[in-house]
Amino acid sequence: MDRGLLVLVAILGLLWLSNGESVMKYGAVGDGIADDTSAFQKAWENACKGSSKTGSVHVPAGKVFLLNSLHFTGPCIPKPLLFTIDGEMIAQSDPNKWENGENGVIPWLIFDQVDGLAIVGRGLLNGQGKAWWDIHCRDHPGPNCIWLAPTMMTFSNCGNVTLKSLRFRDSAQTHVLVMGSQNVYISDIKITSPEASPNTDGIHITSSTSVSINHSDIAAGDDCVSIGDQVNNVTVSFVNCGPGHGVSVGSLGRGGTEVAVENIRVWHVNFTGTTNGARIKTWPGGTGYVRGIEFFDIRFSSVQNPIIIDQFYEKGSSHRESEIHEDEWNIGYKGGNEA
Ligand SMILES: *[C@@H]1O[C@H](CO)[C@@H](O)[C@H](O)[C@H]1NC(C)=O
Ligand SMILES: *[C@@H]1O[C@H](CO)[C@@H](O)[C@H](O)[C@H]1NC(C)=O
Ligand SMILES: *[C@@H]1O[C@H](CO)[C@@H](O)[C@H](O)[C@H]1NC(C)=O
Ligand SMILES: *[C@@H]1O[C@H](CO)[C@@H](O)[C@H](O)[C@H]1NC(C)=O
């Protein structure tokens, strides 16, 4: 082999290594038809173990990846682990092709026990949720209707997470779920789902501390941001909300649970065409406290109930019907299943 050829081989080798973290390396096809779930799973496992050169996962632009439920489990060696999404990821659209969830969550993309994670990029997550909405009990009651559908991106027991710039569309249920996590920074994201889609919260936070959401646009069928039991230190700032059900603290204390919610700041938020704006809703019978809640510089335009504080949530309202169903599937992570 002559010298020139050796140099060429070396350069090609380096190029290959520097792209080594791409999901394509793990056999992903990216044509929107082939199921790329196992390729993504392998890419994650390798990055998490610290085996890939860069300790990262890259989803390339210009491709569409069809994916079923993915469990991105830690702890991982690289801190932070970098997950760059430039392409489009679409969820399997047929509800019959999903497995049952646990703890009231059917995850599409779940990050579990990861400390140090940065998810960035200009890509799109498309939940293709319509088939799930079409069998949801709220609008389609019947023996085979469902209350529980996949959540798009879940952080469970994670710490030090950055989520930036991504676009989220048409989740089957909640778009971003933060539970049992600390230090989560969400910025510059865009969430879009139809106003009529059931339970499609933008971001739901529960049992977590220190979460910030800023410079984001959220249009959804349920709350733009909702805050559940046991949450401390949340800032929501520079957010456009609408359509949707507003920014809600609650519903809290469902079934008599212990509530500890404090230090919630909602600043510079525009509500446009929402059913509610600033809302606090608690169930009768819950115990604990809700304190240090601040809504500041909020603007309302075409909002039905700009400010609501409801301490008798779902009692005496039009929700009696759904309450009966709710009790049957009482595993949900979110207090009320709608409204
Ligand atoms: C996050 O980072 C801080 C500072 O580096 C560290 O002290 C903490 O243990 C990390 N993990 C969590 C879960 O916050
Ligand atoms: C509150 O949360 C922010 C992130 O939004 C974090 O930077 C700050 O350190 C937290 N404050 C306390 C007292 O934990
Ligand atoms: C918004 O979040 C980003 C990313 O965490 C941060 O750099 C920026 O300072 C935040 N801006 C405001 C106004 O809080
Ligand atoms: C909210 O609306 C005001 C007035 O139209 C605008 O100046 C401001 O930039 C908007 N806020 C956000 C977060 O876009």
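We count ligands from 1, going down the list as the structure has it; atoms in each ligand are counted the same way. When reading the values below, keep in mind they use all heavy atoms of this one structure, side chains included, and skip hydrogens, waters and symmetry mates. Heads up: numbering here begins at 1 and tracks the sequence.
In this structure, the side chain of S208 engages the main chain of T206 through a donor-acceptor pair within 3.5 Å. Between the side chain of S216 and the backbone N or O of I189, at least one donor-acceptor pair lies under 3.5 Å. In terms of modelled atom types and a separation under 3.5 Å, the side chain of Q128 and the main chain of A91 share a donor-acceptor contact. A distance-only check finds no donor-acceptor pair linking the side chain of W132 to the backbone of L148 [under 3.5 Å].
Closest to atom 5 (O) of ligand 2 among all protein heavy atoms lies S212 CB, 3.2 Å. Ranking the protein heavy atoms by distance from atom 4 (C) of ligand 2 puts Y185 CE2, 3.6 Å first. Closest to atom 3 (C) of ligand 4 among all protein heavy atoms lies N270 ND2, 3.7 Å. The protein heavy atom nearest to atom 2 (O) of ligand 2 is N233 ND2, 2.3 Å. If you check which protein heavy atom lies closest to atom 9 (O) of ligand 1, you get D115 OD2, 4.4 Å.
The two residues P107 and H71 have their closest heavy-atom pair at CG-CE1, 4.0 Å. Minimum heavy-atom separation, P194 to T200: O-OG1, 4.5 Å.
Centroid-to-centroid, the aromatic rings of F111 and W44 come within less than 6.0 Å.
The shortest N or O to N or O distance between R299 and ligand 4 is not under 3.5 Å. Close N/O approach between R265 and ligand 2 is not found [any backbone or side-chain N/O within under 3.5 Å]. Between N160 and ligand 1, a contact under 3.5 Å exists for at least one N or O pair.
With no hydrogens or angles considered, a side-chain donor-acceptor pair links N232 and N263 at under 3.5 Å.
Residue contact check: F238 has heavy atoms under 4.0 Å from atoms 13 (C) of ligand 4.
For atom 14 (O) of ligand 1, a protein heavy-atom neighbour is present inside the 4.0 Å cut-off. For atom 11 (N) of ligand 2, the nearest protein heavy atom lies closer than 4.0 Å. Note that atom 7 (O) of ligand 1 has no protein non-hydrogen atoms nearby, at separations under 4.0 angstrom.
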